[in-house]
Structures are given as structure tokens and as C-alpha cells.
Colleague: 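Got a structure for you, written out below as C-alpha cells; questions coming shortly.
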Amino acid sequence: MNRCLLKLCPSWHRRHHRLMASSSSPPPASSDYVSHQRPPLTPSEAGRAAYEMRNQLERQDRDAIPLSMSTILSHAGLSTTNSAHDGSRTTRHHNAPLSPPIELATTYERPPDGDYGEEGLIYSRICNPTRALLEEVVGRLEVTSDRIDGTNFDGCDTSSSSPSHPPTASCFAFSSGMAAVASLILAHKSPVKMLIPSDIYHGIPTQLHSALNDHGIVHETVDMTNCDEVRQRVRKHMERENESGGSLIVWIETPSNPLCQVTDIRGVCDVVRELQASSTNTNARVTTVVDSTWAPPCITQPLLLGADAVLHSGTKYLGGHSDVLLGIVSSSPFNSNGKWLSHRLASVQKSVGAVASPLECWLTMRGLRTLHLRVERQCQTAMQLANFLEENGSVLKVHYPGLKSHPQHEVATRQMVGKNTRRTDTIHNDSMYGGMLSFEMESESSAMAVAGALRTIVRATSLGGTETLIEHRASIEPPERRTSPPGLLRLSVGLEDVDDLKRDLEVALSVALESNRN
């Protein structure tokens, strides 16, 4: 290897000499060496030789540093030599496309001997290459870390992992976020009971009250930000279900929709794990599930905080362009509940068939390539808008985890660690608190007036796109289960210039105030 190149990277220099010393014989005498010296390599031979030497170094180097999340995201969907578990580095096929192809076929020719083989494709509901590629990428994102060294991540067993064989979460892509929710619930053995947060996306209780209610799935609400209350509810369930068994799903949504409440994922998972370890009840299974839609992997990685599964509505931040309908669930490779869920989810995905389409998967992979850049900008702008709104006299209250006035600000600072997700200090200044916030006006009329007076900010549902959206939540929630305050407006921050957004809000707030006077 070129000496100048080695000097640029001292760690490679040391490793190179260690590897070469173990595989090479002593050099011949100088006179013989000169007389038998090989002719110079051609440019193409030099490129090939360097390529093979780099591959050899990486295959033998156990100290390789895993790729950062930003790099994995930027390369989302690029072809690799191994379709899964491809190690800390990606070695692409020669002449590989830099944008993954969309595999639209639904069926595949059967070999003449009738044997598809283990890797053979049969039918796209069972397996689709584009979907499998997205699932592989997201599975890596959920557990990627610079510290795969056997150190526990908040109770996660990573002793079997190494830089050359990093863990990968089992990941399953569904046709929508709500399809992912239903599939995850169906993966549990009945009878199923759910503990859900008191503040939660209204689609979850709506599904539980309607489609799933007739199938014996019951639920209770709990203040998920209170670990003591969670402990009491879980203990009560385990004592009650000592004989009948069944499943309890502790459903965490953080930050919550729309009040931006932050649940201590580590704290809740520790409570559940301690109760299971001390219980004599072996019939009931308790799983922890985190809906992390508002905090994608570049902000929070729930599986590294002890959760059994993490769910995202890929329609939101992962896709990021308001043109995808997709949901995705990843189960933990670190604990028995996660591994059990992996097999159950695979069965549900294949048999129920609510799978994500190839085009939606491709669009989501395209979105992943800029996820870290978009989210960082959205977090920065959201922080500025939250401060701006908090200082406005006509705004009663602002809900945003980045504000020091937020009741779970310190939890958010530990948990929503963004680009420094691998740091081990308790509190630091590089947290990313998300691109979602909400604020309250004095009345529903005032809130609707503010929304009506906006021009740059768009009135629409959903979130996570490049455009800033505002929505009056109470008016779209089912009247019998309305939980949002009547004057609350939810804001999904996009990529616009923050000064344009401030001006738009300032004018709208003034217009709303004047219109209410009249």
C-alpha cells in the first residue's frame, strides 16, 4: 500500500503492518530484490490490487469502526455483496446502480425440479426484493452504534456482536402505519390487553374501539410518563393473569401526539423487565412497544434503550416528502421478547398480507438518504419557533420537549440525543427535540382564526414532510373520544426559512386577535 496513503491514517498503518507481518515471509537480500523486482502495475492493475487489499484488510481487521448513521442513511438502498448482515462496511458489486431498482413482479418462474431453494422468490406477498432491502436498511438503523463492544445498552445483551458482525433488528414493512399497528397486535397471543398512554395519536384508540374490539382486545389508559403508575398496572395484570396467560402490550408513544409528552423509555422498560424477572408467572408475556414516529432513528433508538419493538409510520419522517403510505416495525435482536416477536411478525406479514408496495418502499429509501439532514434542520427550526411562540402574549401554552418549561425536558435531553446518540453522558447540549410542537390559544375560535390566516404554513393533516403543516386537532378527533384541548394547534415543521415561518405566524396571530375583537 502507498506509504503516503498509510501515513494519512495511522490506525490503518499499524493494522497493515500487523497483517502483513503475519502473512508474508522476510524480504530477500537487497541485490536479489532488485534483480527480481516486478514491473510497475498498470493503472487498472493498481486499482484492482488496491481494491483487493482493502477488502483483505477489512475482512481480517476486528477493530474496524462501524459506519455512522449519517453514512448508512446517505447510502440507503445501495447494493452490497451480501443481501443482509453485511458487516460494518458495504462492499458494492461492480457497476452496481446507485439507485436501487424497483422490483414490481408479483410472481416468479419455478425451477424445473420444483425446488425454489432457500433464497428463491415465489410471490411478492411473501418476499419482494425492494421491500427486503428497505427492511434491511431500517433494521440496521435501529441498532447501529459506534460501541458494539459487548457493552450493554441499557440492559441490551450485545455480547455476541462485533464491529465485523453488528446486530440487525428484524424489520417488517406494512402498507400503512395503522396496518403495522394491527399486525403488531395480532402477533401477540390472546387474550391481549394493552396499556396505552393517556395522550396518544387518536387513530390507535379508534382502531381498538372499532375493528379490534370485537376480537377481545382490551385496553386501559395510563400516564406513561409516571413509571410508578406503570409499575402498579403491570404488576396488577401479572397477578391477575397468573393462570390464564395471555399478552400485555405496554404501548409507549414518545413524543406523544399532540401534547408532546415524553416517556422515559429506559425507565418503563426497566420496570417491565424487573417485574418479569421477579414474577413466578410464566404464562403471561409482557412486551414493550415504542411508537417512535415523531423521533426517527437519528433522534431516538428505542431498541437500544431496552424496548422489545419499535414502530414508525414511514409516511412521516422516513419518507419525508408527503408521498408515501407505509408502516414499519422492528423487533429487538437483544432479548427473548424481541426474537419471539420477529417470528410472529414474519408469520403475520406473510399470512395477513398487508405488505408495503415496492414503489412505497423505494420512495421511503429515497427519503432515508436525506433523513438526517432534514431532521436536523426541522429540529433547529422547531426550537426557534417554540421560543418565538412562548414569548407571544396571545399564546397560552407551548408544548415542545426542547423548552425548559416542558415537564419532561430532562428526560428528552437524555433520550432524544440525535447525532450524538452514542454518547454516554447524562445531559449534554446536542439533543434534537424533534420537528413537532403544539400550542394553545384561548379558544377554538381563536385557534381556527390563526390557522385560517396563515399563508406560508399549510393547513393539512399528517407530518414530517418538507412543508410546514398546521392542524386543529380537536375538530378531527372522534367527538366521543376527543382528548385534545379545543384551542390546540399542532405544528409539523418543514424546511422553509425560519424567518418566513415566524413572519407568517406573527401576522396570523395578529389577524386572529383583531378578528376576535370584531
Side-chain angles (χ1 to χ4, degrees), residues 69 73 134-135 137-145 153-154 156 169-174 176-178 180-181 183-185 196-197 199-201 203-204 224-225 249-269 287-320 324 326-334 338 341 345 364 367-368 371-372 374-376 378-379 382 401 408 411-419 421 431-436 462-464 492:
M69 182 176 290
L73 284 167
L134 171 66
E135 292 170 340
V137 172
V138 176
R140 289 184 67 195
L141 290 174
E142 295 292 2
V143 294
T144 187
S145 173
F153 293 92
D154 304 308
C156 301
S170 297
C171 188
F172 306 90
F174 296 92
S176 69
M178 293 309 298
V181 170
S183 298
L184 185 50
I185 295 172
I196 63 174
D199 185 56
I200 188 172
Y201 166 55
I204 305 294
M224 204 65 70
T225 66
I249 305 174
V250 180
W251 192 277
I252 300 168
E253 181 180 283
T254 184
S256 67
N257 183 357
L259 294 179
C260 299
Q261 294 178 354
V262 178
T263 296
D264 184 349
I265 298 172
R266 179 192 307 163
V268 171
C269 292
T287 57
T288 51
V289 175
V290 178
D291 183 342
S292 196
T293 296
W294 282 23
C298 50
I299 295 180
T300 302
Q301 294 169 291
L303 299 187
L304 295 184
L305 296 173
D308 299 324
V310 56
L311 176 144
H312 294 275
S313 173
T315 305
K316 313 306 192 291
Y317 284 103
L318 303 189
V324 167
L326 182 141
I328 201 154
V329 179
S330 300
S331 63
S332 174
F334 305 123
L341 274 173
L345 283 165
T364 303
L368 287 175
L371 175 65
H372 52 302
R374 288 186 285 108
V375 167
E376 185 172 359
Q378 288 162 324
C379 290
Q408 294 95 37
V411 175
T413 302
R414 291 195 306 268
Q415 186 167 283
M416 305 177 73
V417 291
K419 59 187 177 182
T421 189
S431 297
M432 297 201 296
Y433 297 101
M436 297 296 301
S462 198
L463 56 102
S492 169

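None of these values were measured; they are calculated from a predicted model. Hydrogens, waters and symmetry mates play no part in the numbers below; they use all other heavy atoms, side chains included.
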Colleague: Considering non-hydrogen atoms only, spot the tightest contact between Met432 and Val375 and give its length.
Modeller: CE-CG1, 4.2 Å
Colleague: Take Ser332 and Asp308, measure what side-chain hydrogen bond (donor to acceptor under 3.5 Å, both in side chains) needs, and give me the verdict at the end.
Modeller: CA-CA 5 Å; Ser332 174; Asp308 299 324; 5.9 Å; no
Colleague: What are the two closest heavy atoms between Ser330 and Ala169, and how far apart are they?
Modeller: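 Closest pair (atom of Ser330, atom of Ala169, distance): CB-CB, 4.1 Å.
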Colleague: Any non-hydrogen side-chain atom of Phe334 less than 4.5 Å from a side-chain atom of Leu304?
Modeller: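 Result yes, sub-4.5 Å side-chain heavy-atom pair found.
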Colleague: Is a side-chain N or O of Ser313 found less than 3.5 angstrom from the main chain of Gly177, in a donor-acceptor match?
Modeller: no
Colleague: Taking only residues two or more places apart in sequence, or in another chain, which ones meet Ser183 in a side-chain hydrogen bond (donor to acceptor under 3.5 Å, both in side chains)?
Modeller: none
Colleague: List the residues meeting side-chain hydrogen bond (donor to acceptor under 3.5 Å, both in side chains) with Ser492, not counting sequence neighbours, and say none if there are none.
Modeller: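 Scan of Ser492 (side-chain hydrogen bond (donor to acceptor under 3.5 Å, both in side chains), adjacent residues dropped) gives none.
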Colleague: Would you check if Met69 and His372 make a side-chain contact, meaning some heavy-atom pair closer than 4.5 Å?
Modeller: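 Sidechains of His372 and Met69: no contact.
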Colleague: Yes or no on side chain to side chain contact (heavy atoms under 4.5 Å, CB included) for Glu142 and Cys171, after CA distance, side-chain angles and deciding distance?
Modeller: CA-CA 9 Å; Glu142 295 292 2; Cys171 188; over 6 Å; no
Colleague: Of all heavy-atom pairs between Gly434 and Cys379, which one has the smallest distance, and what is that distance?
Modeller: N-SG, 3.3 Å
Colleague: Taking all heavy atoms of Gln378 and all of Tyr317, pick out the closest pair and write down the distance.
Modeller: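 Of all heavy-atom pairs spanning Gln378 and Tyr317, the closest is OE1-CE2, 3.4 Å.
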Colleague: For Asp264, give me all partners under side-chain hydrogen bond (donor to acceptor under 3.5 Å, both in side chains), at least two apart in sequence or on another chain.
Modeller: none
Colleague: Nearest heavy-atom pair of Thr288 and Ala307: which atoms, and what distance?
Modeller: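 So the two residues come closest at OG1-CA, 3.5 Å.
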Colleague: Who passes salt bridge (Lys or Arg N to Asp or Glu O under 4.0 Å) against Glu135, sequence neighbours left out?
Modeller: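 If we apply the salt bridge (Lys or Arg N to Asp or Glu O under 4.0 Å) test to Glu135, skipping adjacent residues, the hits are Arg131.
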Colleague: How far does CD of Gln415 sit from OG1 of Thr413, to the nearest 0.5 angstrom?
Modeller: 10.5 Å
Colleague: What's the verdict on side chain to side chain contact (heavy atoms under 4.5 Å, CB included) for Leu311 and Val181, showing C-alpha distance, side-chain angles and the deciding distance?
Modeller: CA-CA 8 Å; Leu311 176 144; Val181 170; 3.8 Å; yes
Colleague: Can you list the residues that meet the side-chain contact (heavy atoms from CB on, under 4.5 Å) rule with Val324, with sequence neighbours excluded?
Modeller: Leu326, Glu360, Leu363, Thr364
Colleague: Measuring from atom CG of Leu184 to atom CZ of Phe172, what distance do you get when rounded to the nearest 0.5 angstrom?
Modeller: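 Rounded to the nearest 0.5 Å, the CG-CZ separation comes to 10.5 Å.
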Colleague: Give, for atom OG1 of Thr287 and atom CD1 of Ile185, the distance between the pair rounded to the nearest 0.5 Å.
Modeller: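 Taking OG1 in Thr287 and CD1 in Ile185, the distance rounds to 10.0 Å.
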Colleague: Any non-hydrogen side-chain atom of Trp294 less than 4.5 Å from a side-chain atom of Ile299?
Modeller: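 Answer no - side chains too far apart.
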Colleague: What's the verdict on side chain to side chain contact (heavy atoms under 4.5 Å, CB included) for Gln301 and Thr144, showing C-alpha distance, side-chain angles and the deciding distance?
Modeller: CA-CA 9 Å; Gln301 294 169 291; Thr144 187; 3.7 Å; yes
Colleague: How about Cys298 and Leu141: do any of their side-chain heavy atoms sit closer than 4.5 Å?
Modeller: no
Colleague: Quick one: list whatever passes side-chain contact (heavy atoms from CB on, under 4.5 Å) with Ser292, sequence neighbours left out.
Modeller: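 With sequence neighbours excluded, Ser292 shows a side-chain contact (heavy atoms from CB on, under 4.5 Å) to Val290, Ala295, Thr300, Pro302, Val310, His312, given in chain and number order.
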Colleague: Could I get the full list of side-chain hydrogen bond (donor to acceptor under 3.5 Å, both in side chains) partners for Ser170, not counting sequence neighbours?
Modeller: Ser342
Colleague: How long is the span from the CH2 atom in Trp251 to the CG atom in Asp291, to the nearest 0.5 Å?
Modeller: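 Nearest 0.5 Å value for the CH2-CG distance: 6.0 Å.
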Colleague: Taking C-beta and beyond as the side chain, do Ser176 and Thr315 meet within less than 4.5 Å on heavy atoms?
Modeller: no
Colleague: Flag the pair Leu345 / Val329 as yes when at least one side-chain heavy-atom distance between them is below 4.5 Å, and no otherwise.
Modeller: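 SC-SC contact between Leu345 and Val329 confirmed.
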Colleague: Let me check something: any side-chain donor-acceptor pairs from residues 252-260 under 3.5 Å, sequence neighbours excluded? List them with distances.
Modeller:
| residue | atom | partner | partner atom | Å |
| --- | --- | --- | --- | --- |
| Glu253 | OE1 | Tyr201 | N | 3.2 |
| Glu253 | OE2 | Tyr201 | N | 3.0 |
| Glu253 | OE2 | Asn257 | N | 2.8 |
| Thr254 | OG1 | Thr263 | N | 3.0 |
| Ser256 | OG | Asp199 | OD2 | 2.5 |
| Ser256 | OG | Gln261 | N | 2.9 |
| Asn257 | OD1 | Arg490 | NH1 | 3.2 |

Colleague: So, taking the atom named OG1 in Thr293 and the one named CD1 in Ile328, what distance separates them when rounded to the nearest 0.5 Å?
Modeller: 11.0 Å
Colleague: How many angstroms lie between CE in Met224 and CD1 in Ile196, if you round to the nearest 0.5 Å?
Modeller: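 Those atoms lie 8.0 Å apart.
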Colleague: Do Pro296 and Leu371 touch side chain to side chain, with heavy atoms closer than 4.5 Å?
Modeller: yes
Colleague: Counting C-beta onward and ignoring hydrogens, is there a side-chain heavy-atom pair between Gln408 and Pro401 closer than 4.5 Å?
Modeller: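 Answer no - side chains too far apart.
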